[in-house]
Number of protein chains: 2
Amino acid sequence: MAETEKNLCDYLHVHDQIIADVNAQMPKEEVLFDLSELFKVFGDSTRIRILYCLFVSEMCVCDIATLLNMTQSAISHQLSVLKRNKLVKSRREGKTVFYSLADSHVRAMLDQGVEHVTEE
Amino acid sequence: MAETEKNLCDYLHVHDQIIADVNAQMPKEEVLFDLSELFKVFGDSTRIRILYCLFVSEMCVCDIATLLNMTQSAISHQLSVLKRNKLVKSRREGKTVFYSLADSHVRAMLDQGVEHVTEE
DNA sequence: CATTCATATGAACACTTGTTCATTTGTTGT
DNA sequence: ACAACAAATGAACAAGTGTTCATATGAATG
């Protein structure tokens, strides 16, 4: 491929002014990438269900697995994804590890999410 | 597999009360599924970038493709996903189809998203 | 310190998803 | 009606992701 444009639109009608305006106001690539990564973490039904469990109460891995009728391994893997993305935190108590939502931001996003889906 | 539980936790320590409480307060399966599907749509950097284009101005397929330096086909496919999920709407003007954000809800989610990612 | 239990982790596989390429649809202008 | 162009669509392929199975860690208890 060449440097700038390849076989995109050779279209001549392109609205240069709009493109310039939009381009000027677009957030940085990196911000948009991080944002999509964040949404991606929420975009899995198992993880969403886990988050909603923790919305109600802190829980250990085994309890979540029991409640969601899934294997301990699957839940543990997903919890590690959630933790890596700072959506949950954990605290150890003997052999048991209790997970909970990381902060109020996560609560807010979940709250708004359900609202959006249930209303209208 | 049996009916209720299979080879989950045979763990005896399960916290029955917590599980009962959480189970009682969990939103319906369907709601959580729809919610994860919604987040999934936001969870792709191409779609996020398209949405942010439209956040600034309505645009036609070709303009978006030019701005994002991607093929017309790729953009068109993604727009169809966004439209199917009611995040964007379109209006035809001759040969050109202009896309824009579907409603203020979408704006709000994007706004909150960037805030969350950029701050802190 | 060996055993047991709760959790974590690695590898593998099936499934999903985004892009490309080729083609089609639908609209305008001649 | 035909040519030209913007957009949409289908098939196919590559890359990413979630679960399972097997196993490892790490903490408590006897």
Side-chain angles (χ1 to χ4, degrees), chain A residues 1 6-15 18-19 33 36-37 39-51 58-85 88-100, chain B residues 1 6-15 18-19 33 36-37 39-51 58-85 88-100:
Chain A
M1 311 142 195
K6 38 178 189 174
N7 55 339
L8 300 174
C9 311
D10 316 318
Y11 309 119
L12 300 172
H13 89 294
V14 166
H15 306 90
I18 291 180
I19 293 181
F33 182 79
S36 67
E37 290 301 303
F39 281 126
K40 211 173 280 187
V41 180
F42 283 96
D44 174 85
S45 65
T46 296
R47 287 193 292 267
I48 280 284
R49 289 189 300 158
I50 292 176
L51 289 171
E58 75 170 3
M59 292 181 88
C60 67
V61 181
C62 171
D63 285 351
I64 300 173
T66 303
L67 180 53
L68 298 185
N69 197 34
M70 292 182 65
T71 63
Q72 174 270 322
S73 180
I75 300 299
S76 187
H77 275 298
Q78 296 298 10
L79 282 169
S80 80
V81 173
L82 291 169
K83 193 169 187 183
R84 195 181 315 134
N85 288 276
V88 305
K89 57 180 194 284
S90 63
R91 121 187 128 72
R92 178 153 219 140
E93 194 175 306
K95 282 180 283 196
T96 307
V97 177
F98 288 96
Y99 282 86
S100 56
Chain B
M1 312 138 193
K6 39 177 189 174
N7 55 338
L8 299 177
C9 311
D10 316 319
Y11 309 118
L12 300 171
H13 89 297
V14 166
H15 307 89
I18 290 180
I19 293 181
F33 182 79
S36 67
E37 289 301 303
F39 281 127
K40 211 171 281 186
V41 180
F42 283 97
D44 173 85
S45 64
T46 297
R47 286 194 291 267
I48 280 285
R49 289 189 300 158
I50 292 175
L51 288 171
E58 74 170 4
M59 293 181 87
C60 67
V61 180
C62 173
D63 284 351
I64 299 173
T66 302
L67 180 53
L68 299 183
N69 197 34
M70 294 182 65
T71 63
Q72 174 269 321
S73 180
I75 300 299
S76 187
H77 276 298
Q78 296 298 10
L79 281 170
S80 81
V81 172
L82 291 169
K83 192 169 186 182
R84 195 181 316 133
N85 287 276
V88 304
K89 59 179 193 283
S90 63
R91 119 189 129 72
R92 181 154 217 138
E93 194 175 304
K95 281 180 282 194
T96 308
V97 177
F98 288 96
Y99 282 86
S100 55

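A note on names: the letters A, B, ... follow the listed sequences, proteins ahead of strands, and every chain is numbered from 1.
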J.: What distance separates A:L79 CG from A:I50 CD1, expressed to the nearest 0.5 Å?
T.: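 These two atoms lie 4.5 Å from each other.
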J.: Has B:R49 got a side-chain atom pairing as donor or acceptor with B:L51's backbone, closer than 3.5 angstrom?
T.: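 Side chain of B:R49 to backbone of B:L51, a donor-acceptor pair under 3.5 Å: no, none is there.
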J.: Produce the list of close N/O pairs, under 3.5 Å, pairing protein atoms with atoms of nucleotides 8-14 of chain D; give distances to one decimal.
T.:
unit_1, atom_1, unit_2, atom_2, d
D:dA8, OP1, B:Y99, OH, 2.5
D:dA8, OP2, B:S76, OG, 3.0
D:dA8, OP2, B:Y99, OH, 3.4
D:dA8, N7, B:Q72, NE2, 2.9
D:dA8, N6, B:Q72, OE1, 3.4
D:dT9, O4, B:S73, OG, 2.8
D:dG10, O6, B:H77, NE2, 2.8

J.: To the side chain of B:D44, which of C:dG18, D:dA7, C:dC5 is closest?
T.: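 Side chain of B:D44 sits closest to C:dG18.
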J.: So, is B:T71 near the phosphate of C:dT20, with a side-chain N or O under 4.0 Å from OP1 or OP2?
T.: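 Answer yes for this pair, as a side-chain N or O of B:T71 is under 4.0 Å from OP1 or OP2.
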J.: In whole Å, what is the span from the CZ atom of B:R84 to the P atom of C:dT17?
T.: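 Taking atom P of C:dT17 as the reference, CZ of B:R84 is at 10 Å.
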J.: Return the CG to CG distance between B:L82 and B:D44, rounded to the nearest 0.5 Å.
T.: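 Going from the CG atom of B:L82 to the CG atom of B:D44 covers 9.0 Å.
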J.: Roughly how many Å is it from CZ in B:F33 to C1' in D:dG18, rounded to a whole number?
T.: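 Whole-Å distance recorded here is 14 Å.
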J.: May I have the distance from A:R47 (atom CZ) to C:dT16 (atom C1'), rounded to whole angstrom?
T.: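 Result: 13 Å.
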J.: Starting at CG of B:N85 and ending at P of C:dG18, how long is that distance when rounded to a whole Å?
T.: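 It works out to 11 Å between those atoms.
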J.: For the pair made of CD1 in A:I50 and C1' in D:dG18, what is the distance, rounded to whole Å?
T.: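 These atoms are roughly 11 Å apart.
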J.: To the nearest Å, give me how far apart CD1 (A:I64) and P (D:dT19) are.
T.: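 Result: 13 Å.
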J.: Pick the nucleotide of DNA chain D nearest each of A:A74 and A:G94; which residue has the one closer to the 5' end?
T.: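 Result: A:A74.
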J.: What pairs with B:R91 under salt bridge (charged side-chain N to carboxylate O under 4.0 Å, His left out), at least two apart in sequence or on another chain?
T.: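 Once residues adjacent in sequence are excluded, the partners of B:R91 under the salt bridge (charged side-chain N to carboxylate O under 4.0 Å, His left out) criterion are B:E58, B:E93.
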J.: Reckon B:Q78 has a side-chain N or O less than 4.0 Å from the OP1 or OP2 of C:dT19?
T.: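 Looking at the OP1 and OP2 atoms of C:dT19, one of them is under 4.0 Å from a side-chain N or O of B:Q78.
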J.: Starting at CE of B:M59, measure out to CZ of B:F98 and round the result to the nearest 0.5 Å.
T.: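 That separation rounds to 9.5 Å.
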J.: How close or far is atom C1' of C:dT20 from atom CD1 of B:I75, stated in whole angstroms?
T.: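 Atom CD1 in B:I75 sits about 13 Å away from atom C1' in C:dT20.
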J.: Look at A:T46 and D:dG18 and indicate whether a side-chain polar atom (N or O) is within less than 4.0 Å of OP1 or OP2.
T.: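 Answer is no, no contact under 4.0 Å.
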J.: Supply the atom-to-atom distance B:H15 NE2 to A:L67 CG, rounded to the nearest 0.5 angstrom.
T.: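 Taking NE2 in B:H15 and CG in A:L67, the distance rounds to 13.5 Å.
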J.: Roughly, in whole Å, what's the span from NZ in B:K40 to P in D:dG18?
T.: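 It works out to 8 Å between those atoms.
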J.: Would you give the length of the straight line joining atom CZ of B:R47 to atom CD1 of B:I75, rounded to the nearest 0.5 angstrom?
T.: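 One gets 11.5 Å once the value is rounded to the nearest 0.5 Å.
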